[in-house]
Colleague: 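Below is a structure I'd like to ask you about.
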Amino acid sequence: MTITLYNSLTRTIEPFAPLNAPNVTMYSCGPTVYNFAHIGNLRAFLFADLLQRTLRTVGGYDVRWVMNITDIDDKTIRDSAFGSQAWPTALGTQSDDPKKNLRDFTEYYTKEFVADISAIGIDRAHLYAMPNATDYMPQMQDLIRRIYEQGFAYIRSGSVYFDVAKWRKADVYGKLFTIDAENFQEGVRIDADEYDRESVSDFVLWKAQKDGEPSWDFEIGDTNCIGRPGWHIECSAMEYELLGLPFDIHTGGVDLKFPHHEDEIAQSKAGYGIEPTRYWCHNEFLEVEGKKMSKSLGNFFTLRDVIAKGIDPLDIRLLMLSAHYGTRLNFTFAGLESTRKARLRLQEYIYDLVEHINFDVNSMTDPAPQAIALREQVFAELANDLNTPKALAQIFTFINNNPVAGLQESEICGLIRFFRELNDVFAVFHFTQRPVVTAEPIPDDIQALATARWEAKRNRDFATADTLRKEVEARGFLIKDTKEGFVVERV
RNA sequence: GGAGACGUGGCCGAGCGGCUAGGCAGAGCUCUGCAAAAGCUUGUACAGCGGUUCGAAUCCGCUCGUCUCCUCCA
C-alpha cells in the first residue's frame, strides 16, 4: 500500500517512494543523554517508531532505521564535569579523566534511555544502529575537513565555523525554515565566549578545547585544533557512514528544524555534495496545560515519574497514538485514564476473540470479508500520513457493531489475524488468554465478614447483608457477587 | 521585532466545501435484593465578526485568544 507523508521540505503531503524499494533508510534524531528522557521527548521517538513500523507493516518495506545517541555536547560535558552536582550517585566517584567521566555518565543515561523506550514498546531489534557520536570522531573530522576544503568553513581561535554567508551564495540556506536574515534577534541566547565567529548566523562545526573538558586531536589546515565536535556535525557524519546519501527519511521534533536540521542540510551538501534526505518528517510537541513540556519550564514528567504513579506504559504509547503526530497533544493524567479505559475495551474484545477460538488461527485460509474490509480501512488510514486517530476510530466503530458473540469462526479467525498484524504497528495488545485476576490475599477477618454477609444474603436477610457489606467497605475492601459466589478485592 | 501554527460539544481528539468520526466523562436503561462489573441507548460542537458560495467547522479578510521557533531544545 502506498504511504503518504507530510514532508517539511515541500510543506505538502506526498506519496512516499523509497530510492531502493523495498528498502527504506531512515534516520531519527535521538536523545542527548544527560538525564532521563521526559515523555515529551519520548513522543518524538514514538513517532519515529510509528513511522518505521507502518513502513514495515503497511508499506511492506524493509527498514534500516538508525537513531543516534548524542553523547557529547554542552550539557553532557557540564553534568559529567568533575564535581558536578548532576553526577549520578549510582556511578560512584568520578575519575580525574574528563573523557572517562563523560563516557561513564552518558553510558549510564543511554542504558536508562534504552530501558525507557523498551517500556513504551520500541523494539531495539528494529533499530539497525544506535550510534554514539563519540564513536564517529574520524568521520566527523573528515566531513569538517571536506567543508573546509570546499571553502565553506573558517578557523578562529581553534574553533571551526560554517560560513553561512558564503554558503548562501552557493545554495539555499533556509530550506526547512524561512529565515529572515535581516531580523535575527541577536544576543539573547548567545554564550559570549563562543563568539569569535564572523557572523551570528554562522554555526560551529568544531569547538576549541576548554580547560578540563574532554577533547580530541584534530588536524585541519596546517594546525591541530584540539577540541570537540559541534552539535550538528554528528548527524551528517553518521548518516553518511551508516546509511549513505541520500537516504529516504529523516525524523525529529519540530524544534529541530532550525537550526539543527537546516544546518545539517548545509553541512552535508557543502561537504559531501549531496543533500542528506528527501523526506523530512517532524512531530509536534507534547504540551502540558497548553505549554511545551520542557525541562526548563519544569513542567515535565519522566517515564519513571509516570510509571511510579501506577500508569501502564502502554497507555502512554496509546495516548500518543490517539492524536496525530503532527498536532500538539495536550498531556493530562485524566487523558491517560481515558486512554487506559479505551485500551482495556479493545483488549477485552481481543480476549473475547481468543476465548472463542479453539483451532489454529494460522491454518485458517478462508478469507473473512469483514476482517479484510476492516484491515483495508484501518491500513488505509495509517497509510494516510499515519492517521492513527482515524484508524482507532474505525476499529471502535467495528467492535461496536460486531460483538464477538455474534461472529462466525472464520470471522473471529480473520479478526485475530488482523489484530495481530495491527499490533505490529500499535504494539499495545496482548494475545494471551484473558489473565485470571490474581486476588491479593484478603485478611482473615475481612474474609470472615464477607462470608457472613454471603450467608445472610443466602438467607435473604438483606439488612444484615448490607450492614456487613458496609463494614467491609469501610475497611477498604469491596465485595463483588458472582453467579457462583463472591470475591473480595481491595479498593 | 521577524517567521510559522493553532482555537471543534464537560475533557481528549478526527475533519481539508454538502454525507457532519471516535474515545473518556455525564445521563437514561438492562442485568442485578443492594453494590460492583458488564452491555445497550443517548450528544449537531466548531473563538467572534464580516465576506465568497446554492451550500462553510472547512475558502478569504479582520478581531480576540493561545502556542512554537528566531543558535540549549524531541
Colleague: Just do the salt bridge (Lys or Arg N to Asp or Glu O under 4.0 Å) check on A/K175 and A/D171 with the steps written out, would you?
Modeller: CA-CA 10 Å; A/K175 290 181 180 176; A/D171 202 326; 3.1 Å; yes

Colleague: Quantified in whole Å, what is the P atom distance between nucleotide B/C19 and nucleotide B/U41?
Modeller: 23 Å

Colleague: Could you give the distance separating B/G55 and B/G39 at their P atoms, to the nearest angstrom?
Modeller: 45 Å

Colleague: To the nearest angstrom, how far is A/D202 atom CG from B/U71 atom P?
Modeller: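 So the CG-P distance, A/D202 to B/U71, works out to 14 Å.
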
Colleague: Round to a whole Å and report the spacing from CG of A/L318 to C1' of B/G23.
Modeller: 10 Å

Colleague: Among residues two or more places apart or on two chains, list those pairs meeting salt bridge (charged side-chain N to carboxylate O under 4.0 Å, His left out) that have a residue in residues 105-122 of chain A.
Modeller: A/E112-A/R304, A/D116-A/R304

Colleague: Take atom CZ of A/F258 and atom P of B/A5, then tell me their distance rounded to the nearest Å.
Modeller: 17 Å

Colleague: Distance check, P atoms only: B/A25 and B/C67, in whole angstrom units.
Modeller: 30 Å

Colleague: Is the backbone N or O of A/G30 less than 3.5 Å from a side-chain atom of A/N68, with the two atoms forming a donor-acceptor pair by type?
Modeller: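 Such a contact is found between A/N68 side chain and A/G30 backbone.
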
Colleague: Roughly how far apart, to the nearest Å, are B/U8 and B/C40 at atom C1'?
Modeller: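 Approximately 28 Å lies between the C1' atom of B/U8 and that of B/C40.
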
Colleague: Take A/I479 and A/K390, find for each the nucleotide of RNA chain B with the closest heavy atom, and name the residue whose nucleotide sits nearer the 5' end.
Modeller: A/K390

Colleague: Please report the distance, rounded to the nearest Å, between CD1 in A/I316 and C1' in B/A74.
Modeller: 16 Å

Colleague: Between A/H261 and A/H232, is the ring pair (Phe, Tyr, Trp, His ring centres under 6.0 Å) condition met? List the steps.
Modeller: CA-CA 8 Å; A/H261 291 160; A/H232 318 299; 9.3 Å; no

Colleague: For RNA chain B, produce a single dot-bracket line, 5' to 3'. Pairs: Watson-Crick or G-U wobble, both distances under 3.5 Å. Symbols: ( ) within strand, [ ] crossing, | other strand, . unpaired.
Modeller: ((((((((.[[[..)..(...]]].(((((.......)))))....[[[[[..)....]]]]])))))))....

Colleague: Among A/F203, A/W231, A/Y154, which residue satisfies the ring-ring contact (aromatic ring centres under 6.0 Å, His included) criterion with A/F162?
Modeller: A/F203

Colleague: Is the distance between the ring centroids of A/W167 and A/Y173 less than 6.0 Å?
Modeller: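 Centroid separation for A/W167 and A/Y173: 6.0 Å or greater.
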
Colleague: Are A/F396 and B/G22 stacked, counting the six-membered base ring, centres under 5.5 Å, planes under 30°?
Modeller: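 Here A/F396 fails the 5.5 Å or the 30° condition.
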
Colleague: Using atom CG of A/L303 as one end and atom C1' of B/A74 as the other, report the distance to the nearest whole Å.
Modeller: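 Nearest whole value for this atom pair: 14 Å.
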
Colleague: Looking at A/D312 and A/R340, is there a salt bridge between them, counting it only when a charged N and a carboxylate O are closer than 4.0 Å?
Modeller: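 Looking at A/D312 together with A/R340, the answer is no, because their closest N to O distance does not fall below 4.0 Å.
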
Colleague: Is A/K341 close enough to B/G23 that one of its side-chain N or O atoms is under 4.0 Å from OP1 or OP2 there?
Modeller: no

